[in-house]
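The next block holds one structure in the form of structure tokens; read it before the comments.
For the numbers below, each heavy atom of this structure counts, side chains included, while hydrogens, waters and symmetry mates do not. Chain identifiers are assigned alphabetically (A, B, ...) following the order of the sequence lines, protein sequences preceding nucleic acid strands; residue numbering begins at 1 within each chain.
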Amino acid sequence: MSCMWRLSRKLGQKKQRLLEAEQHQSPPDGTPTPSPKEPRLALGPQRSIYFSSPRDPPARLGLDFFDQPAVALARAFLGQVLVRRLDDGTELRGRIVETEAYLGPEDEAAHSRGGRQTPRNRGMFMKPGTLYVYFIYGMYFCMNVSSQGDGACVLLRALEPLGGLETMRQLRSSYRKGSTGRALKDRELCSGPSKLCQALAIDKSFDQRDLTTDKAVWLEHSPAGPREPAVVAAARVGIGNAGEWTQKPLRFYIQGSPWVSVVDRIAEQNTQV
DNA sequence: AACTTGATGGACT
DNA sequence: GTCCATCAAGTTG
């Protein structure tokens, strides 16, 4: 009977999760949502995005945004829109729903642990907003953005695809082995750090690029959502033996979003809604 | 061994 | 259909 209780509780959580997901999703057709109020973000004393230099895309986020400590930046990323412009002019867009903070030399799980600086991880030590793209497991890429703090950065782990989904599907399929497989579901396009790199055609050539000035990739201010989404803080994924650093809650995701790569139900119990 | 993924097989709804 | 556990896949430090 405690089994029964546990089961029904589990189902209840799932229902609740789907319900919340609907609230946090953007309109399916990408129609701009009327914004009743300016979104409350920890951007500091930043000029209005509408008065940036005329040649820039109106909503591109600048150095003011990226120049904050890794944890703050990892949280601030949630909801913002990553845009990738392909050579043929196609724009791929995705709303960031999951990130991880890597804090720098003291963080035993970071590539910059102990202050290690190599040609590979140089991007981590460059100015905030610089990309650090690395090759992993012999076949994938992961995309990080340098934050304030030497050797600190934020890993982008999952996006809600907003535009260019068919191109993303093609890009993702073309990288796969058989390439004869079924069409990927929308949820499979960007739900993981290497998946989103495939979907947006991000590879090593993007390493050390500047997100505030690059012509092919940038970050745009989030359209205002229905309400401030709840953010879950959970342990990072794929951290092996990094002592105390393995369990630290440095992964952040939008609670209830169906686009997140890995959900942590235990961590969600500590999230206030 | 690594900040991952996709295919596969089994249990379950 | 979903979900979960397992494992193999290439390269780099």
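A salt bridge links A/K127 with A/D210: the closest approach of a Lys/Arg side-chain nitrogen to an acidic carboxylate oxygen falls below 4.0 angstrom. Salt bridge status for A/R113 with A/E106: absent, with no side-chain N to carboxylate O gap under 4.0 Å.
The side chain of A/R120 sits closest to C/dG13 out of C/dG10, C/dG13, B/dG6. Nearest to the side-chain atoms of A/K195 among the listed nucleotides B/dT5, C/dT11, C/dG10 stands B/dT5. Distance from the side chain of A/R265 is smallest for C/dC4 among the nucleotides B/dG6, C/dC4, B/dC3.
Distance OH (A/Y134) to P (C/dG13): 13 Å, rounded to an integer number of Å. Atom CG in A/L196 sits about 12 Å away from atom P in B/dT4, given to the nearest Å. Protein atom CG of A/L155 is 6 Å distant from nucleotide atom C1' of B/dC3, rounded to whole Å. Atom CE in A/M124 sits roughly 15 Å away from atom P in C/dG13 (whole-Å rounding). Rounded to whole angstrom, the span from the CD atom of A/E188 across to the P atom of C/dT2 amounts to 10 Å. Following rounding to the nearest Å, A/D203 (CG) and C/dT11 (C1') show an atom-to-atom distance of 15 Å. Note: CE (A/M139) to P (B/dA7) measures 12 Å, nearest angstrom. If you measure from atom CD of A/Q198 to atom P of B/dT4, you get 14 Å, rounded to the nearest angstrom.
Checking the phosphate oxygens (OP1, OP2) of B/dT4, a side-chain nitrogen or oxygen of A/R157 falls inside 4.0 Å. Of the side-chain N and O atoms in A/R251, none sit less than 4.0 angstrom from OP1 or OP2 of B/dC3.
Backbone-only engagement by A/K185 is indicated by non-hydrogen atom pairs under 4.0 Å involving sugar-phosphate atoms exclusively.
B/dG10: glycosidic angle beyond 90° from 0, hence anti.
The aromatic ring of A/Y102 stacks onto the base of B/dC3, its centre lying under 5.5 Å from the centre of the six-membered base ring with the two planes under 30° apart. A stacking contact between A/Y140 and B/dT4 is absent: the pair does not combine a ring-centre distance of less than 5.5 Å to the base's six-membered ring with planes differing by less than 30°.
Base-pair partner of C/dT6: B/dA7 (Watson-Crick or G-U wobble, both distances under 3.5 Å).
A 4.5 Å side-chain heavy-atom check between A/L196 and A/M143 finds at least one atom pair inside the cut-off.
For the pairing with A/L92, the side-chain contact (heavy atoms from CB on, under 4.5 Å) check across A/V83, A/L165, A/T167 returns one residue only, A/T167. Checking A/K195, A/R187, A/E98 one by one against A/S261, the side-chain contact (heavy atoms from CB on, under 4.5 Å) holds for a single residue, A/E98.
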